Protein chains: 2
Amino acid sequence: MHDRRQSAVPDIESLMGQFHAYLSKKQLKSTRQRDLIAQKFFAAHGHISIEELLNLSRAENPRIGYATVYRTLKLLAECGLAAQRRFGDGQTMYETAGDTEHHDHLICIECQHVLEFQNDDIEHEQERVARSFGFSLVRHRLELYGLCPRARGIKGGWCPNEEQRKLSD
Amino acid sequence: MHDRRQSAVPDIESLMGQFHAYLSKKQLKSTRQRDLIAQKFFAAHGHISIEELLNLSRAENPRIGYATVYRTLKLLAECGLAAQRRFGDGQTMYETAGDTEHHDHLICIECQHVLEFQNDDIEHEQERVARSFGFSLVRHRLELYGLCPRARGIKGGWCPNEEQRKLSD
DNA sequence: ATATATGCAAAATGTTTGCAGACCC
DNA sequence: GGGTCTGCAAACATTTTGCATATAT
């Protein structure tokens with residue numbers, strides 16, 4: 001198994017580059033707003049809701065509107081840099097996608113934070129299941145919900161919530 | 001691996017019983033509308049959207065309103081007999097839940113239909129992943145998206161869409 | 001009898017769209 | 001300069017709520 005906790009931090013410059021490449025290929029324009037929103041999105045490591053993204057963006061440019069965030073996120077999704085996700089029952093979330101390898105999610109139902117992991121055994125088994133039904137597998141989604149060490153009451157237990165903040169900021 | 005295609009058909013009587021038990025425990029009332037909606041929901045084997053459920057119910061009682069369907073489904077969710085799910089980007093779906101064993105989903109991205117399966121290897125591996133992060137696993141969600149044999153262009157290929165109709169009706 | 005449920009319509013959410021003016025190439 | 005973008009507000013879609021009437025216990 002492969003723990004991606006430490007690796008992450010995908011190169012924002014490179015992601016912005018991909019975004020700009022897509023825009024110019026489609027003869028669309030780079031604007032202050034799009035850049036700002038994309039930056040904030042990538043900097044959030046891609047687990048973010050429209051509203052959070054709007055607020056982060058407005059911190060730097062208060063005149064940003066909802067529509068622009070929606071439209072920019074749609075562009076990011078079109079070029080494979082963002083993917084819409086709907087965890088649990090909450091709001092629609094977006095995450096970075098398409099960059100490198102696939103990952104699944106491990107979510108603490110107490111502190112709400114999301115960890116990524118990758119496990120080849122599971123991936124292989126998924127292939128086998130699909131094949132056994134005659135399907136060809138295109139993509140999948142796996143989310144594990146549970147309690148992190150701290151939430152389980154382990155003294156000094158590690159909590160992804162805090163851990164992620166340390167890594168992100 | 002365990003193919004649940006044939007098994008399913010959870011006993012509708014028993015599910016209705018559980019529902020009624022919950023209602024009376026909570027001093028809520030059994031009504032024609034609630035019973036009708038619950039019946040239709042259980043009979044659909046629990047993969048259904050609000051709108052479909054409304055239409056099925058209206059076929060028998062045209063005066064059923066949206067609100068009643070929403071409210072009934074909320075009750076069913078409260079007592080663990082229904083669970084809200086949001087596959088892909090489509091509509092919010094509801095499914096039966098809490099009855100017996102857990103299952104995952106295999107979804108054809110062409111014909112849109114949903115197959116259930118259960119695979120112990122994957123379940124065990126999920127446990128291991130969670131434990132390796134210090135988590136205790138509470139629940140999970142696994143969805144495989146792919147192409148069914150027919151969608152893949154295999155002549156005479158089996159299509160879950162048709163298959164499920166055969167089994168359900 | 002009375003507390004709860006229904007059905008309607010209005011309200012609240014979340015997301016998309018149309019348009020006049022602003023901006024990028 | 002001309003086509004694209006933005007921000008606003010209005011339009012939509014979906015889900016929830018308030019209320020007068022109907023119904024179950």
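Every chain is numbered from 1, with letters handed out A, B, ... down the list of sequences. Keep in mind it's a predicted model, so treat the numbers as computed, not measured.
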Colleague: Rounded to whole Å, please give me the gap between CG in Leu73(A) and P in dT6(D).
Modeller: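 One finds 13 Å between P of dT6(D) and CG of Leu73(A), rounded.
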
Colleague: NA contact type, Arg71(A), heavy-atom cut-off 4.0 Å: base, sugar-phosphate, or nothing?
Modeller: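 Base contact.
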
Colleague: Does Thr68(A) place a side-chain N or O at less than 4.0 Å from the phosphate oxygens OP1/OP2 of dC5(D)?
Modeller: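 The answer is no; no side-chain N or O of Thr68(A) sits under 4.0 Å from OP1 or OP2.
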
Colleague: Can you find a heavy atom in the side chain of Phe19(A) that is under 4.5 Å from one in the side chain of Leu75(A)?
Modeller: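 The answer is yes, as the side chains (C-beta and beyond) meet within the 4.5 Å cut-off.
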
Colleague: So Ser30(A), base contact, sugar-phosphate only, or nothing? Heavy-atom distance under 4.0 Å.
Modeller: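 If one applies the 4.0 Å heavy-atom cut-off, Ser30(A) turns out to touch the sugar-phosphate alone, with no base involved.
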
Colleague: Measure OH/Tyr66(A) against C1'/dT13(C) and give the value in whole Å, please.
Modeller: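 Result: 10 Å.
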
Colleague: Would a 4.5 Å heavy-atom cut-off, applied to side chains only, mark Tyr94(A) and Ser49(A) as touching?
Modeller: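 They are not in contact (no side-chain heavy atoms under 4.5 Å apart), so the answer is no.
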
Colleague: Please examine the side chains of Arg71(A) and Lys74(A), heavy atoms only from C-beta on, and report whether any two atoms are closer than 4.5 Å.
Modeller: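 Side chain of Lys74(A) against side chain of Arg71(A), heavy atoms only: no contact under 4.5 Å found.
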
Colleague: To the closest 0.5 Å, what do you measure between CG (Leu76(A)) and OG1 (Thr72(A))?
Modeller: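 Rounded to the nearest 0.5 Å, the CG-OG1 separation comes out at 7.0 Å.
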
Colleague: What's the CG-P distance between Leu23(B) and dT25(D), to the nearest Å?
Modeller: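 Nearest whole value for this atom pair: 9 Å.
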
Colleague: Between Tyr70(A) and dT15(C), does any side-chain N or O lie under 4.0 Å from OP1 or OP2?
Modeller: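 It does, given that an N or O in the side chain of Tyr70(A) lies less than 4.0 Å from OP1 or OP2 of dT15(C).
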
Colleague: For Arg34(B), report the nucleic acid contact type (base, sugar-phosphate, nothing); a contact means any heavy atom under 4.0 Å.
Modeller: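 If one applies the 4.0 Å heavy-atom cut-off, Arg34(B) turns out to touch the sugar-phosphate alone, with no base involved.
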
Colleague: Are OP1 or OP2 of dC23(C) and a side-chain N or O of Thr31(A) less than 4.0 angstrom apart?
Modeller: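 Checking dC23(C) against Thr31(A), no side-chain N or O comes under 4.0 Å of OP1 or OP2.
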
Colleague: Nearest whole angstrom, please: distance from the P of dC25(C) to the NZ of Lys25(A).
Modeller: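 So the two atoms are 18 Å apart, to the nearest Å.
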
Colleague: Of the listed nucleotides (dC8(D), dT25(D), dC24(C)), which one gets closest to any side-chain atom of Lys29(B)?
Modeller: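 It is dT25(D).
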
Colleague: Using heavy-atom distances to pick each residue's nearest nucleotide on DNA chain C, tell me which of Leu28(A) and Ile50(A) is more 5'.
Modeller: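 Checking each residue's closest nucleotide, the 5'-ward one belongs to Ile50(A).
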
Colleague: Would you mind reading off the distance between Met93(A) atom CE and dG14(C) atom P, rounded to a whole angstrom?
Modeller: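 Rounded to whole Å, this separation is 13 Å.
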
Colleague: In terms of side-chain heavy atoms of Ile64(B), which of dT4(C), dG7(C), dG7(D) is nearest?
Modeller: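 The answer is dG7(C).
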
Colleague: Would you mind reading off the distance between Leu54(B) atom CG and dT6(C) atom C1', rounded to a whole angstrom?
Modeller: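 Distance check: Leu54(B) CG to dT6(C) C1' gives 13 Å.
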
Colleague: Quickly work out the Arg58(B) CZ to dG7(C) P distance and round it to whole Å.
Modeller: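 Going from CZ in Arg58(B) over to P in dG7(C) covers 9 Å.
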
Colleague: What's the CD-P distance between Gln84(A) and dT15(C), to the nearest Å?
Modeller: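 Interatomic distance, CD of Gln84(A) to P of dT15(C): 8 Å.
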
Colleague: Quick check on dT15(D): is either OP1 or OP2 less than 4.0 Å from any side-chain nitrogen or oxygen of Thr92(B)?
Modeller: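 Yes.
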
Colleague: Could you pick out which residue, Arg32(B) or Arg63(A), lies toward the 5' side of DNA chain D when each is mapped onto its nearest nucleotide?
Modeller: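 Result: Arg63(A).
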
Colleague: Quick one: is Gln33(B) getting a side-chain N or O under 4.0 Å of the dG7(C) phosphate, OP1 or OP2?
Modeller: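 For dG7(C), OP1/OP2 do have a side-chain N/O of Gln33(B) under 4.0 Å.
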
Colleague: Side chain of Ala67(B) only, please: which of dT15(D), dG7(D), dC8(C) is the nearest?
Modeller: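 When the side chain of Ala67(B) is considered, dC8(C) is the closest of dT15(D), dG7(D), dC8(C).
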
Colleague: Looking only at side chains, do His105(B) and Glu95(B) share a donor and an acceptor under 3.5 Å apart?
Modeller: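 Result is yes, a qualifying pair exists.
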
Colleague: Which distance, rounded to the nearest 0.5 Å, do you find between the CG of Asn119(A) and the CD of Gln126(A)?
Modeller: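 Answer for the CG-CD pair, Asn119(A) versus Gln126(A), is 9.0 Å.
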
